[in-house]
Undergrad: 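Could you have a look at this structure, given as structure tokens, before my questions?
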Amino acid sequence: MTVIDIDGPDKRRKTAPATAAQPAEKPTLIGLDRDDLAQALSRIGVPERQLRMRVAQLWHWMYVRGVSDFSDMRNVSKDLRAQLDEAFTIARPEIVSEQISNDGTRKWLFRFPPRGAGRPVEIETVYIPEEGRGTLCVSSQVGCTLTCSFCHTGTQRLVRNLTAEEILSQILIARDRLGDFPRGETPADAAVPSEGRLVTNIVMMGMGEPLYNFDNVKKALLIASDGDGLSLSKRRITLSTSGIVPEIARTGAEIGCMLAISLHAVRDELRDELVPINKKWNIAALLDACRAYPGLNNARRITFEYVMLKGVNDSLADARKLVQLLRGIPAKINLIPFNPWPGSAHECSDWEQIEAFADVVNNAGYASPIRTPRGRDIFAACGQLKSESERMRARDRAALESAPAGQSA
Ligand code: SAH
Ligand code: SF4
């Protein structure tokens, strides 16, 4: 794998051992719920009366200890480990590259083996360390069917949905690379300690529209929040959607995570242009679905994301209309300075304009943090992810090398 360290050599970081590509022919056990896992074990002859206990053992090894090789499952008999290895895999995807921004943000490019007759696919995952928490930005699709005008991923056609395994694997391999799985002996039934973890939050804000891959996203997030495994609190898992209205109620009822809405415009004519899915479900329909979001209250607010595009959606009249539209919805407003990418047609609003916009929103009683751009120097910031081909990567890298110093401010 390539390690590209933008900030010069990092003495504390070791180059990762090359991870073996996962053999495509063996089915994976990662991403199966307990019932499916029991069925898989049953298929290789694990007796019915042992199934519950074996499922619990495997679950612990895979999701608490983070092992990626059956031979490390020490309380599983040697014979069964061999049988498991014969029939299944729990290997990680290949790490194609790891980049570390000068602000500590990391971006990985992972390669997953072909599914059926398909080709291998590559996706990006980003880790953003902050004071007291670490957020992993997870992808749900390779590319996107939608074409939001300000988003780099939107220029990459949809290759395919990620499987539950591939969504979950992004969390597992990030924790491997960060050294975020417990080391040493822990009792077999101990859950992951919540203190001192590096990946504390998950945002489904990487490549793709998660609600166009609902079933796999749901499976992966239910495993990520399972209390006997990765045990991430659902309050620390946020799913961001461009506004796939029919799936919003299900997100609350069946996944129960926090919701973020990519609003970005307060008038339908403009939102039709910026977020074209608006032509199908307009602002009024979207906000109705938000008002009805299961579990919504002042302690569990919806985050509305608003990208700041110079001269397009950043007027103070827009800010006033925004607070008027959201009246009555327990909401936070996240102002995102536009992150440029090679060939993008938009410009980021001036800083004074973003602050003036934020003042209007704050004065109306909404928390409206301005999201500090993270990892722009490695194209890891919101909307900069893309993994189309080697050619695209080479082009991005060339653009990055020629970018003026300080672009990441
Ligand atoms: N498809 C989902 C989630 C992925 S995008 C969605 O659209 O919500 C995550 C967030 O980044 C969204 O709010 C998206 O609108 C925003 N975004 C996309 N491109 C951006 C860019 N170039 N600069 C800043 N934010 C961007
Ligand atoms: Fe797809 Fe979200 Fe980008 Fe729109 S903003 S193109 S929905 S990834």
Side-chain angles (χ1 to χ4, degrees), residues 105 123-126 128 135-159 161-162 167 170 201-214 217 221 237-245 247-248 251 257-265 270-281 286 289-290 302-310 312-314 332-349 354 369-376 379-388 396 399 407-408:
T105 301
I123 52 112
E124 294 186 320
T125 305
V126 176
I128 306 144
T135 303
L136 195 68
C137 180
V138 170
S139 294
S140 56
Q141 298 183 307
V142 187
C144 190
T145 51
L146 305 178
T147 52
C148 303
S149 64
F150 47 84
C151 173
H152 202 194
T153 311
T155 66
Q156 177 181 0
R157 69 184 173 82
L158 180 77
V159 178
N161 280 338
L162 293 178
I167 296 166
Q170 296 172 61
N201 293 55
I202 301 290
V203 290
M204 295 302 300
M205 293 188 188
M207 297 165 58
E209 169 48 62
L211 295 190
Y212 274 153
N213 187 15
F214 187 89
V217 167
L221 293 183
I237 300 178
T238 302
L239 182 149
S240 171
T241 179
S242 56
I244 313 304
V245 166
E247 307 293 349
I248 288 179
T251 304
C257 59
M258 307 298 282
L259 184 69
I261 299 286
S262 293
L263 189 62
H264 306 315
L270 179 61
R271 195 163 189 272
D272 283 351
E273 249 175 67
L274 299 180
V275 187
I277 197 69
N278 195 67
K279 293 182 198 147
K280 196 155 182 188
W281 295 290
L286 179 57
C290 290
I302 293 178
T303 301
F304 288 88
E305 298 165 282
Y306 198 94
V307 64
M308 299 301 297
L309 303 172
K310 186 173 185 167
V312 175
N313 64 353
D314 63 351
K332 281 184 276 196
I333 297 166
N334 215 333
L335 301 179
I336 316 175
F338 169 67
N339 293 306
W341 37 271
S344 56
H346 295 287
E347 264 184 90
C348 183
S349 308
I354 300 180
I370 302 170
R371 200 189 283 171
T372 317
R374 298 293 304 264
R376 273 189 185 177
F379 284 95
C382 294
Q384 294 184 311
L385 305 186
K386 172 155 179 165
S387 66
E388 196 158 46
D396 285 0
Q407 194 212 7
S408 66

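Numbering of ligands and ligand atoms starts at 1, following listing order. We use all heavy atoms of the structure for the numbers below, so side chains are in, but hydrogens, waters and symmetry mates are not.
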Undergrad: Are any side-chain N or O atoms of Asp314 and backbone N or O atoms of Ile354, one a donor and one an acceptor, separated by less than 3.5 Å?
TA: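 Not confirmed, Asp314 side chain does not pair with Ile354 backbone.
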Undergrad: Please could you name the atoms of ligand 1 that Ile336 approaches to less than 4.0 Å, counting only its heavy atoms?
TA: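 The list of qualifying atoms is 24 (C), 25 (N).
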Undergrad: At less than 2.8 Å, would any N/O/S atom of Cys144, backbone or side chain, sit next to atom 1 (Fe) of ligand 2?
TA: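 So Cys144 counts as coordinating atom 1 (Fe) of ligand 2, yes.
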Undergrad: Please determine whether any non-hydrogen atom of Gly208 lies less than 4.0 Å from an atom of ligand 2.
TA: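 Yes, Gly208 has heavy atoms under 4.0 Å from ligand 2.
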Undergrad: Should Ile202 and Thr135 count as side-chain neighbours, where that means a heavy-atom distance under 4.5 Å?
TA: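 In short, these two side chains do not touch, never coming nearer than 4.5 Å.
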Undergrad: I need the atoms of ligand 1 closer than 4.0 Å to a non-hydrogen atom of Trp341, numbered in the order shown.
TA: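 What qualifies from ligand 1 is 22 (N).
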Undergrad: What atoms of ligand 1 come closer than 4.0 angstrom to any heavy atom of Glu305?
TA: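 Ligand 1 atoms under the 4.0 Å threshold to Glu305: 10 (C), 12 (C), 13 (O).
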Undergrad: Would you check if Met308 and Ile370 make a side-chain contact, meaning some heavy-atom pair closer than 4.5 Å?
TA: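 No; the side chains remain at least 4.5 Å from each other.
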Undergrad: For the backbone of Met207 and the side chain of Ser139, can you confirm whether one donor and one acceptor N or O come within less than 3.5 Å of each other?
TA: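 Between the backbone of Met207 and the side chain of Ser139 there is a qualifying donor-acceptor contact (under 3.5 Å).
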Undergrad: List ligand 1 atoms under 4.0 Å from Ser242, heavy atoms only on the residue side.
TA: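 This gives 6 (C), 7 (O), 8 (O) as the contact atoms.
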Undergrad: Does a side-chain heavy-atom distance below 4.5 Å link Glu209 with Ile277?
TA: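 SC-SC contact between Glu209 and Ile277 ruled out.
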Undergrad: I'd like to know if the side chain of Tyr306 reaches the main chain of Asn313, judged simply by a donor and an acceptor atom lying under 3.5 Å from each other, with no hydrogens or angles considered.
TA: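 Yes.
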Undergrad: Would Asn339 count as a polar contact of ligand 1, with the cut-off being nitrogen or oxygen pairs under 3.5 Å?
TA: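 So ligand 1 has an N or O lying under 3.5 Å from an N or O of Asn339.
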Undergrad: Check each atom of ligand 2 against the heavy atoms of Ser242 and keep those under 4.0 Å away; list them by number with element.
TA: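 Counting from 1, the qualifying ligand atoms are 7 (S).
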Undergrad: With heavy atoms only and a cut-off of under 4.0 Å, state how Thr241 meets ligand 1: side chain, backbone, both or neither.
TA: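 Within the 4.0 Å criterion, Thr241 contacts ligand 1 through backbone atoms alone.
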Undergrad: Would you say atom 3 (Fe) of ligand 2 has His152 as a near neighbour, meaning an N/O/S atom of that residue under 2.8 Å away?
TA: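 Within the cut-off used here (under 2.8 Å), His152 places no N, O or S atom near atom 3 (Fe) of ligand 2.
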Undergrad: For the residue pair Cys348 and Pro340, establish whether any side-chain heavy-atom pair is separated by less than 4.5 Å.
TA: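 No. Closest side-chain heavy atoms not under 4.5 Å.
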Undergrad: In terms of the angle between their ring planes, are His152 and Trp341 parallel, tilted or perpendicular, with boundaries placed at 30° and 60°?
TA: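 Judged by the thresholds at 30° and 60°, the geometry between His152 and Trp341 is parallel.
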Undergrad: Check ligand 2 against Gly154 and write out every atom of the ligand that is under 4.0 Å from a heavy-atom position of the residue.
TA: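 What qualifies from ligand 2 is 6 (S).
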Undergrad: Would you say Gly208 touches ligand 1, if touching means a heavy atom closer than 4.0 Å?
TA: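 Gly208: in contact with ligand 1 (<4.0 Å).
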Undergrad: Hey, does the side chain of Arg271 reach the backbone of Leu263 with a donor-acceptor pair shorter than 3.5 angstrom?
TA: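 Pair found, side chain donor or acceptor close to backbone of Leu263.
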Undergrad: Specify side chain, backbone, both or neither for Cys151, according to which of its non-hydrogen atoms lie closer than 4.0 Å to ligand 2.
TA: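 Side chain only.
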Undergrad: When only distance counts, is Phe150 in polar contact with ligand 1, meaning an N/O pair under 3.5 Å?
TA: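 Looking only at distances, the answer is yes, because the N/O contact criterion of under 3.5 Å is met.
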Undergrad: Where on His264 is there a heavy atom closer than 4.0 Å to ligand 1, on the side chain, on the backbone, on both, or on neither?
TA: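 The side chain, only.
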Undergrad: Do the side chain of Asn213 and the main chain of Ser140 share a donor and acceptor less than 3.5 angstrom apart?
TA: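 At least one qualifying donor-acceptor pair exists.
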Undergrad: Quick one: does ligand 1 sit under 4.0 Å from the side chain of Met205, the backbone, both or neither, non-hydrogen atoms only?
TA: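 Both parts.
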Undergrad: Would you mind listing which atoms of ligand 1 come within a distance below 4.0 Å of any non-hydrogen atom of Cys151?
TA: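 Near Cys151, meaning under 4.0 Å from one of its heavy atoms, ligand 1 has 18 (C), 19 (N).
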Undergrad: Check whether any heavy atom of Gly206 sits under 4.0 Å from an atom of ligand 1.
TA: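 Per 4.0 Å heavy-atom rule, Gly206 contacts ligand 1.
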Undergrad: Who's closest to atom 3 (C) of ligand 1 heavy-atom-wise, of Ser240, Gly154, Cys137?
TA: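 Answer by nearest heavy atom: Ser240.
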Undergrad: Mind checking whether Leu309 and Phe338 have side chains closer than 4.5 Å, heavy atoms only?
TA: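 Leu309 vs Phe338: side chains touch.
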Undergrad: If only atom types and distance count, is the side chain of Thr251 paired as donor or acceptor with the main-chain N or O of Glu247 below 3.5 Å?
TA: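 The answer is yes, because a donor-acceptor pair under 3.5 Å joins these two groups.
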Undergrad: Please confirm whether His346 comes under 4.0 Å of ligand 1, counting heavy atoms of the residue only.
TA: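 Outside the 4.0 Å threshold, so no.
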